[in-house]
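Worksheet for the structure shown next.
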Amino acid sequence: MRQAGVRLEQSMKRESHFAKETEWWIFTSVFKNEVCKGLPIKWVVELLDSKGYLLRHETTGDPSSLRRIPGMNLTRVYRISSKILEDEV
């Protein structure tokens, strides 16, 4: 069975209080082959980043992050904010 991505909730600290935000974790292979299908990856990453949907690595600022997914080793994923579903096109 193929997984397209993993949806996980993470507590994030903002403005000195804790807010709950849902983020979507997308495997790098799925991001490349399905999300960016036919488009340059760099362009898609820059677009998501400019809209505030791409959640960069907290310390390095890299567009993808290593995350521990239950039942798997450390896995590189792109983290996308659930805010992408709230905005109108």
Side-chain angles (χ1 to χ4, degrees):
M1 185 168 109
R2 192 170 135 210
Q3 293 180 337
V6 179
R7 178 179 175 252
L8 299 173
E9 290 186 10
Q10 175 179 342
S11 294
M12 300 181 67
K13 186 173 184 176
R14 292 189 184 184
E15 300 176 23
S16 73
H17 68 279
F18 287 94
K20 198 86 155 164
E21 180 177 351
T22 301
E23 41 181 73
W24 296 87
W25 293 3
I26 304 173
F27 300 122
T28 54
S29 60
V30 173
F31 189 82
K32 175 184 175 185
N33 297 323
E34 294 185 31
V35 175
C36 300
K37 193 172 193 169
L39 300 170
I41 294 173
K42 185 176 180 179
W43 182 83
V44 174
V45 166
E46 289 174 358
L47 177 64
L48 290 171
D49 195 29
S50 71
K51 298 287 187 177
Y53 303 140
L54 180 69
L55 303 173
R56 290 184 168 268
H57 188 276
E58 297 85 357
T59 55
T60 65
D62 290 339
S64 62
S65 304
L66 283 174
R67 291 291 187 249
R68 192 168 309 280
I69 298 174
M72 300 178 74
N73 292 328
L74 280 176
T75 305
R76 186 161 297 280
V77 297
Y78 285 94
R79 298 169 42 233
I80 307 298
S81 170
S82 62
K83 292 177 187 174
I84 196 169
L85 301 175
E86 299 169 7
D87 283 352
E88 293 183 21
V89 180

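Everything numeric here is computed off the predicted structure, so don't read it as measured data. Quick note: numbers below take in every heavy atom, side chains included, and nothing from hydrogens, waters or symmetry partners.
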Out of curiosity, T22 OG1 to I84 CD1, how far, rounded to the nearest 0.5 Å?
13.5 Å
Residues two or more places apart in sequence or in another chain: which of them pass side-chain contact (heavy atoms from CB on, under 4.5 Å) with S50?
L47
What are the two closest non-hydrogen atoms of S81 and G52, and how far apart are they?
CB-O, 4.4 Å
Mind checking salt bridge (Lys or Arg N to Asp or Glu O under 4.0 Å) for D49 and listing every partner two or more places apart, or none if nothing turns up?
R56
Between atom SG of C36 and atom CZ of F31, what is the distance when rounded to the nearest 0.5 Å?
4.0 Å
Quiz question: by atom type and distance under 3.5 Å, do the side chains of T28 and R76 form a donor-acceptor pair?
no
Please list, chain by chain and in numerical order, all residues satisfying side-chain contact (heavy atoms from CB on, under 4.5 Å) with L39, sequence neighbours excluded.
W43, V44
Can you name the side-chain contact (heavy atoms from CB on, under 4.5 Å) partners of T59, sequence neighbours left out?
H57
Spell out, yes or no, whether V30 and L66 are grouped together once hydrophobic residues are joined by side-chain heavy atoms under 4.5 Å, including indirect joins.
no
To the nearest 0.5 Å, how far apart are CG in L55 and CG in L48?
10.0 Å
More than 12 heavy atoms from other groups under 6.0 Å of CG on N33:
yes
Between V35 and I80, is the side-chain contact (heavy atoms from CB on, under 4.5 Å) condition met? List the steps.
CA-CA 12 Å; V35 175; I80 307 298; over 6 Å; no
Considering residues at least two apart in sequence or located in another chain, which fulfil the side chain to side chain donor-acceptor pair (under 3.5 Å) criterion with S65?
none
Could you pull out the closest heavy-atom pair between L54 and V45, with the gap in Å?
CD2-CG1, 3.7 Å
Is L74 linked to F27 within one hydrophobic cluster, defined over Ile, Leu, Val, Met, Phe, Trp and Tyr using a side-chain heavy-atom separation of less than 4.5 Å?
no
Please identify each residue that fulfils ring pair (Phe, Tyr, Trp, His ring centres under 6.0 Å) with Y53, with sequence neighbours left out.
none
In terms of heavy-atom contacts, W25 and R68 come closest through CZ3-O, 4.1 Å
Run the salt-bridge test on E86 and K51 with the 4.0 Å N-O cut-off and return the result as yes or no.
no
